[in-house]
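Protein chains get the first letters and strands the later ones, always in sequence-line order, with residue 1 at the start of each. Note that the structure is predicted; figures quoted are calculated from it, not measured.
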Protein chains: 2
Amino acid sequence: MLTIGKLGAQAGVKVPTIRYYEQIGLLPEAERSAGKQRLYNRKALERLAFIRHARDLGFTLEAIRDLLSLSDKPDQSCAAADAIAKAQLREVESRILRLTALKAELERMVLQCAGGCIADCRVIEVLGDHSLCATDHHHHGHGEARQGQDAP
Amino acid sequence: MLTIGKLGAQAGVKVPTIRYYEQIGLLPEAERSAGKQRLYNRKALERLAFIRHARDLGFTLEAIRDLLSLSDKPDQSCAAADAIAKAQLREVESRILRLTALKAELERMVLQCAGGCIADCRVIEVLGDHSLCATDHHHHGHGEARQGQDAP
DNA sequence: CCTTGAAGCTATAGTTGCTAGAGACATTAA
DNA sequence: TTAATGTCTCTAGCAACTATAGCTTCAAGG
């Protein structure tokens, strides 16, 4: 049996995040010790590692909730899981496209900045006037994969 | 003089977002009509367009705050503006790298899914076991450029 | 057996960048 | 004049956590 700290260390998830996952029902309520501390078994560790890994791949908690409930029914078709993964793939691809356009625009801005004074700065100028842009960086996706978390 | 609705339409920013920008001090307090409605002039429109454009390029509101205060001092060196833009460029580049790794992993998952039942599903399996991964998708950036907003 | 320090507990509030709703007032077109 | 918009303030909500405060529990050393 693992305490919440050990579990977090093994899965690479911070302790408050584990409690948060329990709170929103992504993890079941943990067993408790005599002194009301949470205790976890191997299955809980696997579930948490699954969540962590899916988060790393950019799945939302909602998508993960769906994937988890699918993985609890091993006899059904995996079409739904496949669809979720494909949607995620499309999402990632469209973000890459958009970011690539942004990158081009930023490079142009930075290259053209001669290092003079603000009045002549291309960065400020380009930001102030969209018509100076080469590319169409105008449509957007929905938030990146993770916030900055990293194993403690 | 523009009402807030016209201003938003011209700049491509929703009305509540404009009020929000004013609230957090990114836009100055607007003049008011006799009936206390906000009124804007050309300068306000330019400032808002600047913000909108910078948001489109993925700058945070904090970075934009800095850029705006720089652009108010046209005689100073543009080194600071240049640094902000370069930091943003590095940020975007690192997000692209990370997303590209994710994309490869997702493609592998999806390709290997034979479409059988959950018990054999590669998607579920790979998510459950990081050692099945080809790539190191383990370090992350800090949030994508925009939430889903788009001109009203 | 007792103490100390780390780890755990709950509960609440903060983060970013907005968006949505309620209920009241202003403006404009028919 | 009346109806339909538009605008006002205020509050609360979204994702996905993170941070803080003030407590209790646990494991190890003396």
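Among D:dT7, D:dT9, C:dC9, the nucleotide with an atom closest to any side-chain atom of B:R32 is D:dT9. Closest contact between the side chain of A:L61 and the listed nucleotides C:dC18, D:dT18, D:dA16 involves D:dA16.
Scanning for side-chain hydrogen bond (donor to acceptor under 3.5 Å, both in side chains) contacts around A:E46 gives an empty result, with sequence neighbours left out. Partners of A:C78 under the side chain to side chain contact (heavy atoms under 4.5 Å, CB included) rule, at least two apart in sequence or in another chain, are B:C113, B:I118, B:C121. A search for salt bridge (Lys or Arg N to Asp or Glu O under 4.0 Å) contacts involving A:E62 returns A:R65, not counting sequence neighbours.
If you check every strand for non-hydrogen atoms under 4.0 Å, A:R38 touches sugar and phosphate atoms only.
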Every protein N/O lying under 3.5 Å from an N/O of nucleotides 22-26 of chain D:
{"residue": "D:dC26", "atom": "OP1", "partner": "A:S33", "partner atom": "OG", "Å": "3.4"}
{"residue": "D:dC26", "atom": "OP1", "partner": "A:G35", "partner atom": "N", "Å": "3.1"}

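If you measure from atom CG of B:L2 to atom P of D:dG6, you get 15 Å, rounded to the nearest angstrom. Atoms NZ (B:K14) and P (C:dC18) sit 10 Å apart, rounded to a whole Å. Rounded to an integer number of Å, the gap from A:E22 CD to D:dA16 P is 19 Å. What separates CD1 of B:I51 from C1' of C:dG17 is a distance of 13 Å, to the nearest Å. Atom-to-atom, CD of B:E31 to P of D:dT7 comes out at 16 Å; the value is rounded to the nearest Å. Straight-line distance from the CD atom of A:E62 to the C1' atom of D:dC14: 12 Å, rounded to whole Å. As a whole-Å value, the separation of B:L39 CG from C:dA26 P is 14 Å. Counting to the nearest Å, the P atom of C:dA6 and the CD1 atom of A:I4 are 19 Å from each other.
Atom CD1 of B:I18 sits about 12.0 Å away from atom CG of B:L26, to the nearest 0.5 Å.
A salt bridge links A:E105 to A:R108: at least one charged side-chain nitrogen sits closer than 4.0 Å to a carboxylate oxygen.
A close approach under 4.0 Å does not occur between any side-chain nitrogen or oxygen of B:Y21 and OP1 or OP2 of C:dG17. A close approach under 4.0 Å does not occur between any side-chain nitrogen or oxygen of B:R19 and OP1 or OP2 of D:dT9. For the pair B:R55 and C:dC18, the criterion of a side-chain N or O lying under 4.0 Å from OP1 or OP2 is met. The side chain of B:T17 places an N or O atom within less than 4.0 Å of a non-bridging phosphate oxygen (OP1 or OP2) of C:dT19.
Mapping A:Y20 and B:Y40 onto DNA chain D by nearest heavy atom places B:Y40 closer to the 5' end of the strand.
Judged as a salt bridge (charged side-chain N to carboxylate O under 4.0 Å, His left out), not a single pair has a partner in residues 126-135 of chain B (not counting sequence neighbours).
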May I have the list of side-chain donor-acceptor pairs in residues 32-41 of chain A shorter than 3.5 Å, sequence neighbours left out?
{"residue": "A:R32", "atom": "NH1", "partner": "A:K36", "partner atom": "O", "Å": "2.7"}
{"residue": "A:S33", "atom": "OG", "partner": "A:G35", "partner atom": "N", "Å": "3.2"}
{"residue": "A:S33", "atom": "OG", "partner": "A:Q37", "partner atom": "N", "Å": "3.2"}
{"residue": "A:R38", "atom": "NE", "partner": "A:E22", "partner atom": "OE1", "Å": "2.9"}
{"residue": "A:N41", "atom": "OD1", "partner": "A:K43", "partner atom": "N", "Å": "3.2"}
{"residue": "A:N41", "atom": "OD1", "partner": "A:A44", "partner atom": "N", "Å": "3.0"}

